[in-house]
Amino acid sequence: LALLAMLVFVLLALVSLVAQDAEKAARTITPDSFHAHIKFLADPKLEGRLPGTPEIRKAGHYIADKLRSWGVTPKGEESGFFQKVKYTAYGKEYKCRNVVGIIPGTDEKLKSEIILIVAHYDHLGKGVYASRAGRAGRGKVHAGADDNASGTAGLLEIARAITKGKLKLKRSVLFLAVTGEEAGLQGSRYYVEHPLVPLEKTQAVINLDMIGCYKRGVAAMGVHMSAQFDKAIDAAVKGEDVKVSKQRIQGRGDNVSFNNRFIPSIFFWTGFTDFYHTPKDTTDTINKKKGAAVCRVALGVVEYLANADKIESALERPRGSAKPYLGVNLDEAPDGVKVTRVASDSPADKGGLKKGDIITAVAGRKVSSYRAFIKELNKHNPDDKVKVTVKRGSDTKKLEIKLGKR
């Protein structure tokens, strides 16, 4: 009995020390330390961090230099912090970079697994695309303080808290600051196509996008994707003066690139503002006190997941699996789903699908809604040949389509 009592005492003492370490790490995140990163990244001198410009290169170097100074290990190409990314958007080719670093885990069995934190650090430049300011915004710097200097600041603060707070985590934590989000998730899409850690080892993704303008609360989207997410958020929010709204939706940020490869995610977001995608998204709009608190909550979630015995996934396939790609835009229709657009040279285009077709069945199984269609499509693999039944005017046609990969 005495030995058992001693073992219980030692175990409780270790648990207490771990909790103290986590609290110590969280205290390193302050309103001023959070805001300092935003002030640099959203400085008008960086001209809105448009991909492919010298200004966003400066932003990338800032992120890499901070990670390096805190002892984060480079995980980019050629033993550095950068991963080259090239994409075409709005008729122009962009050459830019993701920034990637890692803090290795401490557990011999679990350190090969990854908790990935992603935030995009690009914005709209001088309103080159996606500006909501209209003619009044043309040629004016869109500083992007909330979108997404704030999320990038959160990524940096979590890295600093783990290293400076000497927080011991069983799993490794990968920090991925991505480019090209505003042009269609380009940087995160590139990463999942060219992962620097095997995707099947990435257990969960934390996306920080627009966390700087807290008013009524912060959304935590994606809690339905893992049984551990609810518990992680509940544990992390204790002691913080923030309201977290747990939502069972995916969200539309860089996490989608990972969800498309069946990796569960939590997306932290404080909501749209009146100055979203306008020149008025500047540093003076940031709620730095609440933003720092959101960062501490995200750190708590990372700490919980990194030390969990197992992180389950509620998604349909193993992590890293590729989704089948058809290449259409769809809308609901009374008898199925209506094709509103067919991408040029896509599997749908090659297979004979046309705009206006109503898809009524996939592989002989009826689809009466968009959700039912996606469910049936995802039962198949890239390169599978699938029979798709469509109504085209008064005719019914059966098309055989070879699926692509997304």
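Side chains are part of it too, since the values below use all heavy atoms of this structure and drop only hydrogens, waters and symmetry mates.
Residue Phe267 comes nearest to Gly253 through the heavy atom pair CE2-N, 3.6 Å, listed as atom of the first residue, atom of the second, then distance. The shortest heavy-atom contact between Ile211 and Ser150 is N-OG, 3.0 Å. Residue Ala292 comes nearest to Ile29 through the heavy atom pair O-CG2, 3.7 Å, listed as atom of the first residue, atom of the second, then distance. Pairing each heavy atom of Ala220 with each of Val244, the nearest pair is CB-CG1, 3.8 Å. Closest approach of Pro51 and Cys96 over heavy atoms only: CB-SG, 4.0 Å. Looking at every heavy atom in both residues, Gly187 comes nearest to Asn98 through O-ND2, 3.1 Å.
Results of the side chain to side chain donor-acceptor pair (under 3.5 Å) test with Asn381 over Lys323, Arg317, Lys405 single out Arg317 as the only residue that passes. When the options Arg365, Arg371, Lys366 are evaluated for a side chain to side chain donor-acceptor pair (under 3.5 Å) with Glu376, the one that passes is Arg365. Residue His123 forms a side chain to side chain donor-acceptor pair (under 3.5 Å) with just one option from His277, Arg49, Glu182, and that option is Glu182. Each of Tyr62, Phe175, Phe34 was scored for a side-chain contact (heavy atoms from CB on, under 4.5 Å) with Leu156, with one residue passing: Tyr62.
Other residues, nucleotides and ligands contribute over 12 non-hydrogen atoms within 6.0 Å of the OH atom of Tyr325. Residue Asp241 qualifies as open at atom CG: its count of foreign heavy atoms under 6.0 Å is 12 or below. Counting non-hydrogen atoms of neighbouring residues, nucleotides and ligands closer than 6.0 angstrom, the CD atom of Glu93 exceeds 12 such neighbours. Shown here is Arg57, whose CZ atom has no more than 12 heavy atoms of other residues, nucleotides or ligands within 6.0 Å. Annotation for Lys379: atom NZ counts as buried by contact number, over 12 foreign heavy atoms lying within 6.0 Å. Counted within 6.0 Å of CZ on Arg132, heavy atoms from surrounding residues, nucleotides or ligands total more than 12; the atom is thus considered enclosed.
The backbone N or O of Pro31 lies less than 3.5 Å from no partner atom in the side chain of His35, so there is not a single donor-acceptor pair. Remark: the backbone N or O of Asn207 is not paired with any side-chain donor or acceptor of Asn255 at under 3.5 angstrom. For Thr179 (side chain) and Asp122 (main-chain N/O), no donor-acceptor pair under 3.5 Å exists by modelled atom type. The closest donor-acceptor contact from the side chain of Glu55 to the backbone of Lys45 lies at 3.5 Å or more, if one exists at all. At distances below 3.5 Å, at least one donor-acceptor pair connects side-chain atoms of Ser172 with backbone N or O atoms of Lys111. Remark: the backbone N or O of Gly151 is paired with a side-chain donor or acceptor of Asn148 at under 3.5 angstrom. At distances below 3.5 Å, not a single donor-acceptor pair connects side-chain atoms of Asp384 with backbone N or O atoms of Val386.
No hydrogens or angles considered: nothing links the side chains of Asp32 and Thr30 as a donor-acceptor pair under 3.5 Å. Side-chain atoms of Thr340 and Asn329 include no donor-acceptor pair closer than 3.5 Å. In this structure, a donor-acceptor pair under 3.5 Å is present between the side chains of Ser131 and His142.
When side chains are defined from C-beta on, Phe40 does not count as touching Lys66, because their heavy atoms never get closer than 4.5 Å. Counting heavy atoms from C-beta on, the side chains of Met225 and Asn259 come closer than 4.5 Å. Two residues are said to be in side-chain contact when any heavy atoms from C-beta on lie closer than 4.5 Å; His120 and Asp147 meet this criterion. Residues Leu305 and Ile206 have side chains in contact (heavy-atom distance under 4.5 Å, counting atoms from C-beta outward).
Shown here are the side chain to side chain contact (heavy atoms under 4.5 Å, CB included) partners of Phe275, two or more places apart in sequence or in another chain: Cys213, Thr273, Thr278, Lys280, Asp281, Thr285. Listed by chain and residue number, Asp335 satisfy the salt bridge (charged side-chain N to carboxylate O under 4.0 Å, His left out) test with Lys391 (two or more places apart in sequence, or in another chain). Residues passing the side chain to side chain contact (heavy atoms under 4.5 Å, CB included) test with Pro74 are Phe81, sequence neighbours excluded. Evaluation of the salt bridge (charged side-chain N to carboxylate O under 4.0 Å, His left out) rule for Asp349 yields no partner, not counting sequence neighbours. By the side chain to side chain contact (heavy atoms under 4.5 Å, CB included) test, Glu400 is found to be paired with Lys385, Lys387, residues two or more places apart in sequence or in another chain being considered. Residues passing the side chain to side chain contact (heavy atoms under 4.5 Å, CB included) test with Val128, sequence neighbours excluded: Leu50, Tyr94.
Arg319 forms no cation-pi arrangement with Phe262, by the criterion of a distance under 6.0 Å to the ring centre and an angle within 45° of the ring axis.
Here Glu113 pairs with Arg171 in a salt bridge; the nearest charged N to carboxylate O distance falls below 4.0 Å. Under a 4.0 Å N-O distance rule, the pair Asp230/Lys246 qualifies as a salt bridge. Lys397 and Asp357 are not joined by a salt bridge, as no carboxylate oxygen comes within less than 4.0 angstrom of a charged side-chain nitrogen. We find that Glu157 and Arg160 are joined by a salt bridge, their nearest charged nitrogen and carboxylate oxygen being less than 4.0 Å apart.
A perpendicular orientation is assigned to the rings of His61 and Phe82, their planes being inclined by more than 60° (bins at 30° and 60°).
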Does Arg68 form a salt bridge (charged side-chain N to carboxylate O under 4.0 Å, His left out) with Asp65? I'd like the steps, not just the answer. CA-CA 5 Å; Arg68 184 183 294 108; Asp65 289 346; 2.8 Å; yes
